[in-house]
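Remarks on the structure that follows.
Fair warning: this is a prediction, and the values are worked out from it, not measured in the lab.
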Amino acid sequence: MRLDPARYVERSPIGDVVSRALNAPPELRDYQVVAEDAARAAITKHSSTLLVLCTGAGKTVIFSDIARKASVLGRRVLILAHRDTLIKQASRKLTDYCVEHGVIMAGFTPQHHCRVQVASVQTIVRRLDKLPYAFDLVVIDEAHLSAAKSYMTIVSTLRERNPKLKLLGVTGSPIRLDGKGLGSHAGGMFDSIIEGISIRDLIDQAYLVQPSVYAPADQIDLSGVKKVGGDYDSGALAEVMDRPKITGSAIDAWRKHCPGVPAVAWCANVAHAKHVADEFTAAGIPALALSGDDDGPERERALAGLASGAVKIITFAMLLVEGVDCPAIGAVIMLRPTMSLSSYLQVIGRGLRTIYAPGMPIATVEQRQAAIAAGPKGPKCFVLDHAGLTFKHGFADELREWSLDGITKKKGKKKVVEEGPAVAQCVHCYHVHVKAPVCPACGHAYEARGGSPDHVDGELAEITPEMRVAMSAARKTEIKKAKTLEDLLRIEKERGYKPGWAAATHTAKARVREKYRRPEPPLSVYENDFSR
């Protein structure tokens with residue numbers, strides 16, 4: 001169920017009544033009230049519900065308020081997260097809401113008298129037999145990970161103690177690398193799905209800034225990089241990405257397109273992150289590399305340095321993908337190719353937070369837009385996409401339809417290699433395709449030598465709104481014009497689609513052709529016409 005965007009401009013009367021009755025803290029945003037009301041209604045109707053809200057929409061705020069209201073009504077609530085940053089973030093938000101709670105994680109003293117508990121998945125899965133009570137509601141943060149064995153063990157054990165247990169998952173992208181669904185019918189946990197406000201809506205309402213994407217003309221050859229667990233092996237990926245040409249292009253692009261703008265750089269692994277930070281520093285640009293070895297205070301100091309200007313670039317591998325709220329981030333440098341749409345969206349989301357000019361009103365869209373324009377960050381975030389992820393996953397603010405079904409793999413189909421040959425970007429219609437003398441989408445003939453566009457190695461070009469429309473139309477047109485399974489397999493290969501997409505699309509196109517095929521005239525029409 002997708003929530004109606006028109007409701008985002010109205011306060012929910014149900015939410016108002018509950019808020020007044022329970023002495024709620026400062027009001028949620030309108031769209032947060034709508035999402036919370038829908039989630040609470042779904043929890044009442046279904047045993048397990050998945051709430052989808054994009055990065056920056058305030059998932060922690062919403063589930064913290066749900067936990068607060070449940071505890072006031074005498075319910076016991078468990079909030080699960082897999083990283084310490086997410087656990088501490090949830091704990092801080094509960095504290096803001098004056099919710100007494102305990103933290104079940106190494107280094108914390110148990111507080112069993114509290115009705116609300118925030119727990120590390122890794123810790124509580126080992127302490128399930130020591131819990132002295134049952135829970136009424138379990139909230140799973142980053143619920144796209146919930147099909148893992150540890151989550152399944154926790155939920156099944158807690159349901160044995162309380163068969164009426166309710167489950168609420170929250171995520172910005174309900175998709176898994178293996179293509180399996182999050183629905184209970186597909187091996188996951190959830191019976192219903194609610195789609196809240198999108199990135200596009202949040203940008204339009206001036207709650208997020210617009211990503212301004214600069215992408216390379218040529219994509220990196222990843223044909224020799226193996227995959228582990230559905231994504232590229234970080235070590236092998238680092239060997240491809242950690243090269244002077246690529247790092248030098250990243251430094252040049254930052255200086256050219258957004259000099260001085262605080263940035264984070266997503267790297268292949270820790271060693272790659274350290275090397276990129278060293279190269280930026282050597283070029284006179286203050287940079288720091290963060291890894292899992294850096295504790296919470298060290299991370300906070302680094303992010304504070306980014307906000308103050310003492311640090312210009314923070315490089316990382318996976319540490320800052322989740323649970324980071326640092327509005328000062330004004331640029332995101334993509335130096336890590338990935339098969340994960342979820343990680344891609346989360347990393348870009350790090351840079352989309354707004355900074356409103358102090359003292360300016362922000363009650364209306366127009367006021368927020370003015371406050372953003374007058375603020376230190378401005379109305380956009382620079383995305384320097386050296387990994388070419390925009391061409392693989394699309395734009396972060398595209399409207400996506402989510403499902404609990406997952407992707408069904410066809411039996412007997414050989415695995416299709418997901419990396420294709422070198423690609424080019426048409427200078428006429430901006431279509432991305434295999435290098436050829438002529439663009440297959442618009443027929444534009446290139447004049448450059450070698451039968452492909454002539455571009456400067458490593459140089460990035462801004463993808464304008466007009467280019468976005470043309471690229472999207474060209475991608476759809478290419479699929480529409482594909483007549484054979486071989487054509488669709490080539491598209492599947494170039495774009496990194498899941499194995500089986502080409503076969504399923506070919507079958508669907510055949511059904512459409514059959515449905516609308518004009519029937520043959522009756523034989524009687526021709527029986528006296530021997531010339532036919």
Side-chain angles (χ1 to χ4, degrees), residues 48 50 59-60 63-64 67 76-95 101-112 114-162 165 167-178 180 182 187-190 228-231 234 269-270 290-300 316-325 340 342-343 346-347:
S48 55
L50 183 64
K59 295 184 291 293
T60 307
F63 71 67
S64 295
R76 284 194 174 274
V77 182
L78 174 65
I79 298 172
L80 287 175
H82 71 293
R83 292 185 184 274
D84 63 340
T85 52
L86 297 173
I87 293 165
K88 293 173 182 177
Q89 184 182 77
S91 179
R92 287 194 298 270
K93 191 58 62 177
L94 289 169
T95 300
H101 63 280
V103 177
I104 303 175
M105 187 171 70
F108 288 81
T109 302
Q111 303 288 331
H112 291 306
C114 298
R115 291 192 174 277
V116 178
Q117 299 287 333
V118 185
S120 159
V121 173
Q122 297 85 348
T123 300
I124 199 170
V125 75
R126 300 192 301 267
R127 300 185 186 178
L128 285 171
D129 58 337
K130 299 179 181 179
L131 291 175
Y133 40 73
F135 288 100
D136 302 293
L137 171 66
V138 173
V139 178
I140 299 180
D141 196 7
E142 304 297 344
H144 53 277
L145 304 172
S146 61
K149 183 179 179 181
S150 54
Y151 289 89
M152 291 289 190
T153 299
I154 293 169
V155 172
S156 62
T157 301
L158 295 179
R159 276 216 166 108
E160 290 176 1
R161 296 189 180 186
N162 179 12
L165 176 74
L167 181 64
L168 174 65
V170 291
T171 180
S173 48
I175 187 171
R176 297 174 55 190
L177 275 172
D178 59 10
K180 295 180 181 178
L182 295 175
M189 293 186 179
F190 301 101
V228 177
D231 205 353
S234 61
N269 60 15
V270 173
L290 288 180
S291 71
D293 295 333
D294 298 310
D295 58 15
E298 182 64 26
R299 281 175 253 169
E300 293 300 323
F316 67 98
M318 293 300 291
L319 186 67
L320 302 184
V321 172
E322 303 162 331
V324 175
D325 186 3
S340 173
S342 176
S343 295
Q346 286 178 311
V347 169

Partner set under side-chain contact (heavy atoms from CB on, under 4.5 Å) for [X], not counting sequence neighbours:
X: A119; result: L78, L80, I104, I124
X: A147; result: M152, R176
X: T153; result: V125, L128, K149, T157
X: S340; result: L177, D231, T338, S342, S343

Atom pair [atom1]/[atom2] of [X] and [Y] - distance to nearest 0.5 Å:
X: L165; Y: S48; atom1: CG; atom2: OG; result: 9.5 Å
X: S120; Y: I79; atom1: OG; atom2: CD1; result: 13.5 Å
X: I140; Y: F63; atom1: CD1; atom2: CZ; result: 11.5 Å
X: I154; Y: L131; atom1: CD1; atom2: CG; result: 9.5 Å
X: H144; Y: L182; atom1: NE2; atom2: CG; result: 9.0 Å
X: M189; Y: S156; atom1: CE; atom2: OG; result: 8.0 Å

Pick from E142, K88, Q122, M318: which one makes a side chain to side chain contact (heavy atoms under 4.5 Å, CB included) with R83?
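Between R83 and the candidates, side chain to side chain contact (heavy atoms under 4.5 Å, CB included) is satisfied uniquely by M318.
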
Which residue in the set L94, V118, L137 passes side chain to side chain contact (heavy atoms under 4.5 Å, CB included) when paired with V77?
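So, applying the side chain to side chain contact (heavy atoms under 4.5 Å, CB included) to V77 and each of L94, V118, L137, only L137 qualifies.
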
With sequence neighbours excluded, what pairs up with S64 under the side chain to side chain donor-acceptor pair (under 3.5 Å) test?
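Testing S64 for side chain to side chain donor-acceptor pair (under 3.5 Å), a comparison that skips the adjacent residues, returns none.
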
Just checking, is any N or O donor in the side chain of [X] or [Y] under 3.5 Å from an acceptor N or O on the other one?
X: S91; Y: H101; answer: yes
X: Q89; Y: T60; answer: yes
X: Q111; Y: Q117; answer: no

What is the minimum heavy-atom distance between [X] and [Y], and which atoms define it?
X: I87; Y: A81; value: CG1-CB, 3.8 Å
X: L50; Y: P174; value: CD2-CB, 3.6 Å
X: A134; Y: N162; value: CB-CB, 4.2 Å
X: A143; Y: F190; value: CB-CZ, 4.0 Å

If you measure from the Lys or Arg side-chain nitrogens to the Asp or Glu carboxylate oxygens, is any gap between R299 and D84 under 4.0 Å?
yes

Whether the side chain of S173 engages the backbone of I175 through a donor-acceptor N/O pair (distance < 3.5 Å, no angle test) should be reported.
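Flag not set: sc S173 to bb I175 has no pair under 3.5 Å.
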
Between R161 and F135, is NZ or CZ placed under 6.0 angstrom from the six-membered ring centre and within 45° of the ring axis?
no

Name all residues meeting the salt bridge (Lys or Arg N to Asp or Glu O under 4.0 Å) criterion together with R159; count only those two or more places apart in sequence or in a different chain, and write none if there are none.
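Counting only residues at least two positions away or on another chain, R159 forms no salt bridge (Lys or Arg N to Asp or Glu O under 4.0 Å).
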
